Amino acid sequence: MPELPEVESIIRTLRNSSPALIGRHIKAVDVLWSGAVSGCYSSDLQAALEGSVFVSLGRHGKFLILELEAKNRSGKQFLIIHLRMTGRLSLVPLNQAVDRHTRLVFLLDRGLALRFDDPRKFGRLWLVNDPAEVTASLGPDALSVSYNEFAERFAVHRRQLKPLLLDQSFLAGIGNIYADESLFRSKLHPLTISSDLSPDEVRRLHCVIIAVLEEAVAVNGANIDGVFKAGEFVVNVYGREGYPCPVCRSPVVKIRVAQRGTHICPQCQSMPEKL
DNA sequence: CACTCTACCTGTGCGC
DNA sequence: TGCGCACAGGTAGAGT
């Protein structure tokens, strides 16, 4: 399931592809499942995008932001894509057959197609004039947030750490896997109330989040048995219930926090005193 | 404000 | 072998 590092990895792959996505014209858009298109009708999306050219690629948190220039219109357009859990975006040969999970195909020049596949149909796509129409409610990107901004935003909350890290309006880009990994490496229990952290612990958490995400980005994301196999980043606790903690050898335990499967080392991540 | 629950989906993997 | 079912995940929106 793509979180920030996996989305970043997709962007890098698309940037380095040859022929590149940047500069490609959209000749047509096939919408195989219209539910994937949010905020407008798929016919509007098709009409607005035909003839457009990709000019840049970026992201905010887990949202991909593809900038386009329309042929006959002034002003920019942005295709915003959220892959949610099972979405995939790939550049393929134009003649490659769709499979049963293909939801959208952008037919391009130079014999290419940009394809959106998504078995679980959770992924969504928007066409807007300003990315903020979709991303305005997001907090700062987790990969580049400064310590000052992190600490400032942290200070206004009194919440359990795990749901706080997962809250995209607090910090954009962290999902279940990297939340568990960041809390493990920070030696913090997911149920700890954020306002109970010492300034040193807040600083440590910020450092760990950035370090974890940077490490994962450097190797193209996580590699989790049976779940996500894009990259080489190996997690310590997520999905490893019953396996020994790499630090102290205590068995990793799975608990439920905010309705989410949560993995901890009960030894290294001690329970907050109040519980 | 903080939290919980539900809905959205479908492939996987379990128990029987 | 095959059936049924719980479960996984991110987010929005409603409710406590």
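Owing to the predicted nature of the structure, the values given are computational and were not obtained by experimental measurement. Proteins come first, then strands; the chains are lettered A, B, ... in the order of their sequence lines, and each starts at number 1.
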Atom pairs, N/O to N/O, protein against nucleotides 1-3 of chain B, distance under 3.5 Å?
{"from": "B:dA2", "atom 1": "OP1", "to": "A:Arg158", "atom 2": "N", "distance (Å)": "3.3"}
{"from": "B:dC3", "atom 1": "OP1", "to": "A:Gln160", "atom 2": "N", "distance (Å)": "3.2"}
{"from": "B:dC3", "atom 1": "OP2", "to": "A:Arg159", "atom 2": "NE", "distance (Å)": "3.0"}

Please list, for nucleotides 9-11 of chain B, all pairs of protein and nucleotide N/O atoms separated by less than 3.5 Å.
{"from": "B:dT10", "atom 1": "OP1", "to": "A:Lys121", "atom 2": "NZ", "distance (Å)": "3.2"}
{"from": "B:dT10", "atom 1": "O2", "to": "A:Arg120", "atom 2": "NE", "distance (Å)": "3.3"}
{"from": "B:dG11", "atom 1": "OP1", "to": "A:His101", "atom 2": "NE2", "distance (Å)": "3.0"}

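Closest non-hydrogen pair, A:Val98 versus A:Arg115, comes out as CA-NH1, 3.6 Å.
Between A:Ile174 atom CD1 and C:dG9 atom C1' the separation is 16 Å, expressed in whole Å. The distance from atom CG of A:Asp167 to atom C1' of B:dT4 is 14 Å, rounded to the nearest whole Å. In this structure, A:His263 places its NE2 atom 13 Å from P of C:dC7, rounding to the nearest Å. One can place CD of A:Glu3 at 9 Å from P of C:dT11, the figure rounded to the nearest angstrom. A straight line from CG of A:Leu166 to P of B:dC5 spans 16 Å, rounded to a whole angstrom.
Proximity of a side-chain donor or acceptor of A:Gln160 to a complementary backbone N or O of A:Thr192 within less than 3.5 Å is not detected. Although no hydrogens or angles enter the test, the distance criterion places a donor-acceptor pair under 3.5 Å between the side chain of A:Arg15 and the main chain of A:Leu57. For A:Asp44 (side chain) and A:Ala48 (main-chain N/O), no donor-acceptor pair under 3.5 Å exists by modelled atom type.
Using five terminal pairs a side, the axes of the helix from B:dA2-C:dT16 to B:dC16-C:dG2 at its two ends make an angle of 50°, given in steps of 10 degrees.
Looking at residues two or more places apart in sequence or on another chain, you find a side-chain hydrogen bond (donor to acceptor under 3.5 Å, both in side chains) between A:Thr262 and A:Lys162. Partners of A:Lys62 under the salt bridge (Lys or Arg N to Asp or Glu O under 4.0 Å) rule, at least two apart in sequence or in another chain, do not exist in this structure.
Heavy-atom distances to DNA chain C give each of A:Ser137 and A:Gln259 a nearest nucleotide, and the one nearer the 5′ end belongs to A:Gln259.
Remark: aromatic rings of A:Tyr178 and A:Phe233 are close, center separation under 6.0 Å.
Look at A:Arg256 and you won't find any side-chain N or O under 4.0 angstrom from OP1 or OP2 of B:dC5.
Distance CG/A:Asp30 to CZ/A:Arg103: 14.0 Å, rounded to 0.5 Å.
In this structure, A:Val105 and A:Leu107 have side chains that are in contact, with non-hydrogen atoms separated by less than 4.5 Å. A:Leu114 places a side-chain heavy atom less than 4.5 Å from the side chain of A:Leu14.
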Can you give the donor-acceptor pairs under 3.5 Å from side chains of residues 143-158 of chain A to other protein atoms, not counting sequence neighbours?
{"from": "A:Ser146", "atom 1": "OG", "to": "A:Glu149", "atom 2": "N", "distance (Å)": "3.1"}
{"from": "A:Arg153", "atom 1": "NE", "to": "A:Phe170", "atom 2": "O", "distance (Å)": "3.0"}
{"from": "A:Arg153", "atom 1": "NH2", "to": "A:Ser169", "atom 2": "O", "distance (Å)": "2.7"}

